[in-house]
Structures are given as structure tokens and as C-alpha cells.
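Chain A is the first sequence line, chain B the second, and so forth, proteins listed ahead of strands; every chain is numbered from 1. Scope of the values below: all heavy atoms of this structure, side chains included, with no hydrogens, waters or symmetry mates.
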Protein chains: 2
Amino acid sequence: MDEHINIFKALSDATRLKIVWLLTNIDEKICVSEIVEVLDEYQYNVSRHLKILKKANLVEEVKEGKWVFYYLTPIKSEFRQLIQEAIKTIPESQMNNEIHKCKLLLAERPK
Amino acid sequence: MDEHINIFKALSDATRLKIVWLLTNIDEKICVSEIVEVLDEYQYNVSRHLKILKKANLVEEVKEGKWVFYYLTPIKSEFRQLIQEAIKTIPESQMNNEIHKCKLLLAERPK
DNA sequence: TTAACATATGTGTTTTTGCGCATGTAAAAT
DNA sequence: ATTTTACATGCGCAAAAACACATATGTTAA
């Protein structure tokens, strides 16, 4: 049961829910500094929240040069699947323009 | 977004998740003292956890004589629907026999 | 090699959460 | 009328969580 509780706990914070929501809605890996910019949060807080999400097995990371990119852990359980779908139903309007800012940002990414 | 966070927060505690899980799996209203017996928790803790679940709009109550029966709030949103389904996937084996105890208890209920 | 950038983490502080105890209220039983 | 049963809640405390600040590590750029 603890796995499930850890997932719920991980999602019960605004910053973390926003991160997971972002990753669910854009279909790309994003790096820490991009999350920082989009969410307008301190870098150290974003890093810590990512650590909690990682511990809950919701995200994974891959290092590329000086960046660390985060992405949703591939779904293995029905539970995770349903949780992801639930998060996907949260409307963009409730996210304070985060996704819009994120799309602008991603568009500016050098190819 | 706060509604969603409140739901996740409500579900990120073992006692509360067990209560919701119980209500999801037995298809009946149950009163506080029954939850107390099944979960082997103090009455004041169960009451408090129920209050949190109520605040998150996950459960509702109906008073009958000296008993207060709790039941799952009828589902209105897709989000809630998916969360409920997710909870339903949590196997009984992870619930430390709670549902078994509960079924025995309910069977003993006078008609 | 030094500077700048990207990320992580140690430390102290404040806020939130959960618990135990005691107590309050209302209905039912005696 | 008093006691018992069922449930709720105020209070104080301890543990956990979130935050801000400073700093450490590694990587690329100058």
C-alpha cells in the first residue's frame, strides 16, 4: 500500500502536481531550468520536488551534458495508468498558464 | 487545482486510503464504529480522518439515530471517476485483511 | 585555468500534519 | 433521570514537510 500512498503524497503538492501535469501534457522531456522558468519557482525547490517525484517512481531522469532531463516513468501498472489519465483531465485553465509558457519556451529551444 | 490537490492529499494517508478503499469495495454505507472496529483505530482518529475526506468531497454522511453512516460522494467528474477506479485496482492483499474483517462485521449486522 | 552555467544538497526555520488525551453533544437504553 | 453509547472536537506535542539561503559538484565556454 505504501507505493500507492507515496504516489498520492507526491501528487498532493501544487509544484509537484504541476510538474507531472506538464510532463503529461507536453510529450517531451524537459530539463530542470525549463521547469524553473515555467513554474517560476526557485531552482532548489524544483530539484527537491523532482527528487520526491522520482522516489515515488513517477519520473525518471537522463543526463545530457550539463542538463538533466526529466520525463514520466513508463507506465507499468493499471493504477499508474488511471492516475495519469486522471491528471490528464485537469484542465489547463487551472494551471495558471503554465502550459502556455512551457510551449513558448519549448518552441524557442534550439534544434 | 486545489480541489485536485485536496483529493490527493486526502488519499495520502494509510487510514484514509483504507477507508476510501473499503467504501469502494463494499458497496454499502458504514458507520463510524464499524470503521473503528475494522481498521482497529481509535474512534477520534477515524472521526478526524473522515472529516478530512469529507472536506475533500470524497465522502458524505447521513445520520440515522445515534449512528452516522458514511458513503462515497456520488461521482460527478471524470477525475473522480478515474481516481476511484485507480483505488479499486489496489489489491485486497495490501490491505491487511481489512475487507475480510469488514465483511464478517457486515454479515453480523442485524437486519 | 578561470568563469559561467546547470543541478543538487546541507542547514536552520517555519508550517503542516497526525496523534493522544480529555471533553463535549446528542440519542438511546436503563 | 441517569447512564451508556456513538460520534465530534479543542488542545498540546512531536514528527514530517516545505522553504530560504548558502554552498558544493560537475560541465561547458571563454
Closest of C:dA8, D:dA18, D:dA8 to the A:Glu61 side chain is C:dA8
Here the distance between atom P of D:dC7 and atom NZ of B:Lys29, to the nearest Å, is 13 Å
Would you say A:Thr89 and A:Glu85 are linked by a side-chain donor-acceptor pair, where the criterion is simply a distance under 3.5 Å?
no
Walk me through it: do A:Leu11 and A:Ile83 pass the test side-chain contact (heavy atoms from CB on, under 4.5 Å)?
CA-CA 10 Å; A:Leu11 296 171; A:Ile83 294 296; 3.7 Å; yes
Rounded to whole Å, the CG-P distance (B:Leu39 to D:dC7) equals 13 Å
Does A:Thr15 or B:Val68 map to a spot on DNA chain D nearer the 5' end, using the closest nucleotide for each?
B:Val68
What nucleic acid atoms does B:Tyr42 come within less than 4.0 Å of, heavy atoms only: base, sugar-phosphate, or nothing?
sugar-phosphate
Base, sugar-phosphate or nothing for A:Lys63? Non-hydrogen atoms, less than 4.0 Å.
sugar-phosphate
Under 4.0 Å between a side-chain N/O of B:His49 and OP1 or OP2 of C:dC19, yes or no?
yes
Do we see a donor-acceptor contact under 3.5 Å between the side chains of B:Gln43 and B:Ser47?
yes
Just how far, in rounded Å, is C1' of C:dC5 from CD of A:Glu37?
14 Å
With the side chain of B:Tyr44 defined as its heavy atoms from C-beta on, choose the nearest nucleotide among D:dT9, D:dC7, C:dG18.
D:dT9
B:Lys51 side chain near D:dT9 phosphate (N/O to OP1/OP2, under 4.0 Å):
yes
Quiz question: going by heavy-atom distance under 3.5 Å, is there a donor-acceptor pair between the base of D:dA8 and the side chain of B:Gln43?
yes
Rounded to the Å, how far apart are B:Lys55 NZ and D:dA8 P?
16 Å
So does A:Ser47 get a side-chain nitrogen or oxygen closer than 4.0 Å to the phosphate oxygens (OP1/OP2) of C:dT9?
no
Does any donor-acceptor pair link the side chain of A:Arg48 with the base of C:dG10 at a separation under 3.5 Å?
yes
Phosphate OP1/OP2 of C:dT17: any B:Lys9 side-chain N/O under 4.0 Å
yes
side-chain contact (heavy atoms from CB on, under 4.5 Å), that's the test. Do A:His49 and A:Glu41 meet it? Break it down for me.
CA-CA 11 Å; A:His49 284 304; A:Glu41 254 293 346; 5.8 Å; no
Can you figure out which of C:dG18, D:dC7, D:dT28 approaches the side chain of A:Lys66 most closely?
D:dT28
Of A:Lys54 and B:Glu64, the one whose closest DNA chain C nucleotide lies more 5'
A:Lys54
Nucleotide of C:dG10, D:dC7, C:dT7 approaching A:Ser33 most closely (side-chain heavy atoms)
C:dT7
Please state how far atom CG in B:Leu17 lies from atom P in C:dG18, giving the value in whole angstrom units.
13 Å
Between D:dA18 and A:Asn45, is there an OP1 or OP2 to side-chain N/O distance shorter than 4.0 Å?
no
Could you please name the option among C:dG20, D:dC7, C:dA27 that lies closest to any side-chain atom of B:Trp67?
D:dC7
Could you tell me the separation between the CD1 atom of A:Ile52 and the P atom of C:dT7, rounded to a whole number of Å?
18 Å
Starting from P on D:dC19, measure out to CG on A:Leu50 and report it in whole angstrom.
13 Å
Take B:Asn45 and B:Leu39, measure what side-chain contact (heavy atoms from CB on, under 4.5 Å) needs, and give me the verdict at the end.
CA-CA 11 Å; B:Asn45 281 335; B:Leu39 298 191; over 6 Å; no
Hey, which of these two, B:Val32 or A:Asp13, hits DNA chain D nearer its 5' end, going by closest nucleotide?
B:Val32
Anything under 30° is parallel, anything over 60° is perpendicular, the rest tilted; go ahead and classify A:Phe69 against A:Trp67.
tilted
